[in-house]
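The chains referred to below are lettered A, B, ... by the order of the sequence lines, with proteins before strands, and numbering in each begins at 1. Hydrogens, waters and symmetry mates play no part in the numbers below; they use all other heavy atoms, side chains included. This structure is a prediction, so every number in the text was calculated from the model and none was measured.
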Amino acid sequence: MLERANSLFGYTLGELSIYAKLEIPPNLKRDKGWIGILLERYLGASAKNKSEPDFASIGIELKTIPIDNRSKIPLETTFICVAPLIGNSGVTWETSYVRYKLSRVLWIPIEGQRTMPLAMRRIGAPLLWNLNSKEELHLKSDWEELMDLIVLGKVETITAHHGEMLHLRPKASHGKSLTAAIGKFGKPILTIPLGFYLRKKFTAKIIARYYRYFLL
DNA sequence: CTATGATCATCC
DNA sequence: GGATGATCATAG
């Protein structure tokens, strides 16, 4: 699979879409996950919409990441998973889904400037990344701060400003989506679902270590 | 609704 | 410009 991923370096999304027999949309406005689906399809990911790594047998999570090819900086934050708002008793960073998802990621950088037609965007060299102890410490600190707010009934006070590397933002189809959570005084409430995202400054560091290898 | 895949678009 | 808050598509 890694060899197959490496072989994608330099190809455009237009070329890959033809090869993978996946129709290319005019833009990503209505197909935000299209690039991810395309790469999964080409690389033979197994998980679909199940809760396990994309390549379960080898414990690798696949993530495409849009990059500005001049600055080499990510253009978007990276979604990790939906935040559990209830049933968190006994959950620690060590057993968290965030840590599980991020323990090993195959990042595939792709030119992502909106001015560039989708078909012309080039695929960069994949980067197999293992969460190191320093990074983990940072994420753990953010995760604990955020989970405290959730568990202590302060979910409605959460904004994307919380968390240095990892933060929470809405994750829903629309603003009226509701899910169960804990409100003030421990009272059950319904609120908008939240997702964990990696800030660009975190992913930028990962990408920077390898930027010389991709996108010319 | 929740999970997968993310980016859009507004506001500061 | 860039981050925050909002949103899109699909499967089960």
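- Rounded to whole angstrom, the span from the CD1 atom of A/Ile35 across to the C1' atom of B/dT7 amounts to 9 Å.
- Side-chain contact between A/Ile24 and A/Trp34 is present, with heavy atoms from C-beta onward closer than 4.5 Å.
- Checked for salt-bridge contact, A/Arg114 and A/Glu76 meet the test: a charged N lies under 4.0 Å from a carboxylate O.
- Using a 4.5 Å cut-off on side-chain heavy atoms (C-beta onward), A/Leu28 and A/Leu118 make contact.
- Remark: the backbone N or O of A/Leu166 is paired with a side-chain donor or acceptor of A/Asp142 at under 3.5 angstrom.
- Using a 4.0 Å heavy-atom cutoff across all strands shown, A/Arg114 reaches at least one base atom of the nucleic acid.
- Atom-to-atom, CG of A/Leu198 to C1' of B/dA6 comes out at 13 Å; the value is rounded to the nearest Å.
- Contact check, A/Lys32 against C/dT7: no side-chain N or O comes under 4.0 Å of OP1 or OP2.
- Judged purely by distance below 3.5 Å, without hydrogens or angles, the side chains of A/Trp143 and A/Glu136 never pair a donor atom with an acceptor atom.
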Next item on the list: Mind running side chain to side chain contact (heavy atoms under 4.5 Å, CB included) on A/Ile37 and A/Asp31 for me, showing each step along the way?
Entry: CA-CA 10 Å; A/Ile37 304 290; A/Asp31 297 88; over 6 Å; no
Item checked: Evaluation steps, side chain to side chain contact (heavy atoms under 4.5 Å, CB included), between A/Ile108 and A/Lys63 -> CA-CA 6 Å; A/Ile108 302 188; A/Lys63 292 223 167 283; over 6 Å; no
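- Residues of residues 148-183 of chain A having a heavy atom closer than 4.0 Å to DNA chain B, listed by number: A/Arg169, A/Lys171, A/Ser177, A/Leu178, A/Thr179.
- If you measure from atom CD of A/Glu111 to atom P of B/dT7, you get 14 Å, rounded to the nearest angstrom.
- Considering only heavy atoms from C-beta on, A/Val105 stays 4.5 Å or farther from A/Leu128 through its side chain.
- The cationic group of A/Arg122 does not satisfy the cation-pi geometry with A/Tyr11, failing either the under 6.0 Å distance to the six-membered ring centre or the 45° limit from the ring axis.
- Here the P atom of nucleotide B/dT7 and the CG atom of A/Asp31 are 12 Å apart, to the nearest Å.
- Atom CG in A/Leu38 sits about 11 Å away from atom P in B/dA6, given to the nearest Å.
- Residues of residues 76-84 of chain A having a heavy atom closer than 4.0 Å to DNA chain B, listed by number: A/Glu76, A/Thr77, A/Phe79, A/Val82.
- Rounded to an integer number of Å, the gap from A/Leu85 CG to B/dC1 C1' is 13 Å.
- Residues A/Thr12 and A/Met120 approach most closely at CG2-O, 3.8 Å, considering heavy atoms.
- In this structure, A/Thr191 and A/Ala181 approach most closely via the heavy-atom pair CG2-CB, 3.5 Å.
- Between the CD atom of A/Glu40 and the P atom of B/dA3 there is a distance of 17 Å, rounded to whole Å.
- Between A/Trp34 and A/Arg121, the residue anchored closer to the 5' end of DNA chain B is A/Trp34, taking for each the nucleotide with the nearest heavy atom.
- In the region residues 11-30 of chain A, proximity to DNA chain B at under 4.0 angstrom, judged on heavy atoms, holds for A/Leu28, A/Lys29.
- A pairwise comparison of heavy atoms in A/Phe9 and A/Ala125 identifies CD1-N, 3.4 Å as the closest pair.
- Across the protein-nucleic acid pair, A/Leu75 atom CG and C/dT4 atom P stand 16 Å apart, rounded to whole Å.
- Counting any heavy atom pair closer than 4.0 Å across all strands shown, A/Gly36 reaches sugar-phosphate atoms only and no base atom.
- Residue-to-nucleotide contacts include a donor-acceptor pair under 3.5 Å from the side chain of A/Tyr197 to the base of B/dA6.
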